[in-house]
Peer 1: 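Before I ask anything, here is the structure I am working with.
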Amino acid sequence: MEICFMRTFWNTNSTLKTISEWQPNCWIQVTCPTEEDQEYLENKFNIPDYFLSDISDTDERARYEYDDGWMLIILRIPYVKEIRSRTPYTTVPLGIIHKRDVTITVCYYETNMMIDFVSYHQKRGEGFTDYVDMIFRLFLSSAVWYLKRLKQINTLIEKAKHNLDHGVNNESLIGLSRLQDSLTYFVTSIRGNETLLAKLKFKLQVDELDADLIEDVNIEMSQARETTNIYADILESTMDTYSSIINNNMNTVMRTLTSVSIIMMFPTLISSIFGMNLINGMEESPYGFAIAMVLSVFVSGISWVILKRKRLI
């Protein structure tokens, strides 16, 4: 997890501005919460303690639930790991906790999406009409950022393919394999978010403006899902192609080595016959060695011609 502790209070009535302490209907943004942050949320607002533990689980699926008047929504958002890892592009849970005039978002990672989310709405000069508007705008932002990350993944795929065109190497193949894992995480998370969105439409108080926003979210999510599937299919096809190339090159090398072994077998056989400690009629001949050499070259030449005509060399 990233080491970046932050608890920020945002006034959402007009423009997004930070305030010093909690006020009703403000937005509490908690990033990489410490034990102090967790105690503050649990003691100040009495939220269920397992809410935070569920959000901290990196494998937690997109879902929602109610407990004692509190609503928990877990949204999967894209995340890029700063350190070298098996899956450079992955997804992490973003928790949205709400009850009456309390709205809290909790993420155990510092993501570019949340930084951009705040910056974008500050530039627009307007806040959120209510917590429902904010929730669906978070869904929209996640879909937009999936598309951004997919463009980056596509760039890496094209770069790896360019390197492989000049020569098949393990580093590029491993890179493609890691991107394939990332696309799997993406498509699974996007599908989970779509299912969650479809359920929330009937659980939250949606007005006409929210309905239009939901339509935009559906369009962006569908595009993100389809783009992910396209890139995944392209990547799978690319991996299969290079796998076939590697196998074909291996078969060519093995066929060549086998042909060379067959050609070299005849000189070895001839030298073995004449080198045996038996009477063969050439013990006293001054031309014995030359005859053996000529015979070896002749037989090897014949075998080379035959293999060449059969395209085994």
Peer 1: Can you name the nearest heavy-atom pair linking D116 to K148, along with the distance?
Peer 2: OD2-NZ, 4.2 Å

Peer 1: Would you say that T90 contacts T58 through its side chain, given a criterion of any heavy-atom pair below 4.5 Å between the two side chains?
Peer 2: no

Peer 1: Determine the minimum heavy-atom distance between V118 and L16, stating which atoms define it.
Peer 2: O-CD1, 4.0 Å

Peer 1: How far apart are the closest heavy atoms of Y89 and S182, and which atoms are they?
Peer 2: O-OG, 2.7 Å

Peer 1: Side chains of V92 and Y108: closer than 4.5 Å at any heavy-atom pair?
Peer 2: no

Peer 1: If we check side-chain contact (heavy atoms from CB on, under 4.5 Å) with L183, which of these qualifies: I234, T188, T228?
Peer 2: T228

Peer 1: Within the structure provided, determine whether S222 and E194 are in side-chain contact (heavy-atom separation under 4.5 Å).
Peer 2: yes

Peer 1: Is the number of heavy atoms from other residues, nucleotides or ligands within 6.0 Å of CZ (R309) greater than 12?
Peer 2: no

Peer 1: Keeping the roles fixed (side chain from D37, backbone from T34), state whether a donor-acceptor pair exists under 3.5 Å.
Peer 2: yes

Peer 1: Only one of I135, L138, V30 clears side-chain contact (heavy atoms from CB on, under 4.5 Å) with T105; which?
Peer 2: L138

Peer 1: Donor-acceptor pair, E65 side chain versus L72 backbone, under 3.5 Å?
Peer 2: no

Peer 1: Are F117 and F128 near enough that their ring centres are under 6.0 Å apart?
Peer 2: yes

Peer 1: Can you name the closest pair of heavy atoms from M221 and I190 and give their distance?
Peer 2: O-CG2, 3.8 Å

Peer 1: Can you tell if the side chain of I157 reaches within under 4.5 Å of the side chain of L235, non-hydrogen atoms only?
Peer 2: yes

Peer 1: More than 12 heavy atoms of other residues, nucleotides or ligands under 6.0 Å from CZ of F298: is that the case?
Peer 2: no

Peer 1: Quick one, K99 and F45 - any side-chain contact, counting heavy atoms below 4.5 Å?
Peer 2: no

Peer 1: Does atom NZ of K199 have more than 12 heavy-atom neighbours, drawn from other residues, nucleotides or ligands, at distances under 6.0 Å?
Peer 2: no

Peer 1: Is R7 positioned over the aromatic face of Y40, cation under 6.0 angstrom from the ring centre and no more than 45 degrees off axis?
Peer 2: yes

Peer 1: How long is the straight-line distance from CH2 of W145 back to OG1 of T91, given to the nearest 0.5 Å?
Peer 2: 15.5 Å

Peer 1: Within the supplied structure, the quantity of interest is the number of heavy atoms (other residues, nucleotides, ligands) at a distance under 6.0 Å from M265 CE; does it exceed 12?
Peer 2: yes

Peer 1: Taking the side chain as every heavy atom from C-beta outward, state whether V102 and W70 have any pair of such atoms under 4.5 Å apart.
Peer 2: yes

Peer 1: Give me the one residue out of W22, Y131, F9, W10 that meets side-chain contact (heavy atoms from CB on, under 4.5 Å) with W27.
Peer 2: W10

Peer 1: Do the side chains of F186 and P78 get nearer than 4.5 Å, heavy atoms only?
Peer 2: yes

Peer 1: Look at the aromatic rings of Y66 and Y64 and report parallel, tilted or perpendicular, splitting at 30° and 60°.
Peer 2: perpendicular

Peer 1: What is the minimum heavy-atom distance between A224 and L147, and which atoms define it?
Peer 2: CA-CD2, 3.5 Å

Peer 1: Is the closest side-chain heavy-atom distance between N11 and C26 below 4.5 Å?
Peer 2: no

Peer 1: So which heavy atom on R61 is nearest to which on I74, and how close?
Peer 2: O-CG2, 3.7 Å

Peer 1: Could you tell me whether a side-chain N or O of N43 sits under 3.5 Å from a main-chain N or O of E39, the two making a donor and an acceptor?
Peer 2: yes

Peer 1: Would a single hydrophobic cluster contain both V187 and L150, if residues Ile, Leu, Val, Met, Phe, Trp and Tyr are joined by side-chain heavy-atom contacts under 4.5 Å?
Peer 2: no

Peer 1: Kindly say whether I115 contributes a backbone atom to a donor-acceptor pair with the side chain of S119 at under 3.5 angstrom?
Peer 2: no

Peer 1: Is the closest side-chain donor-acceptor distance between D181 and T184 under 3.5 Å?
Peer 2: no

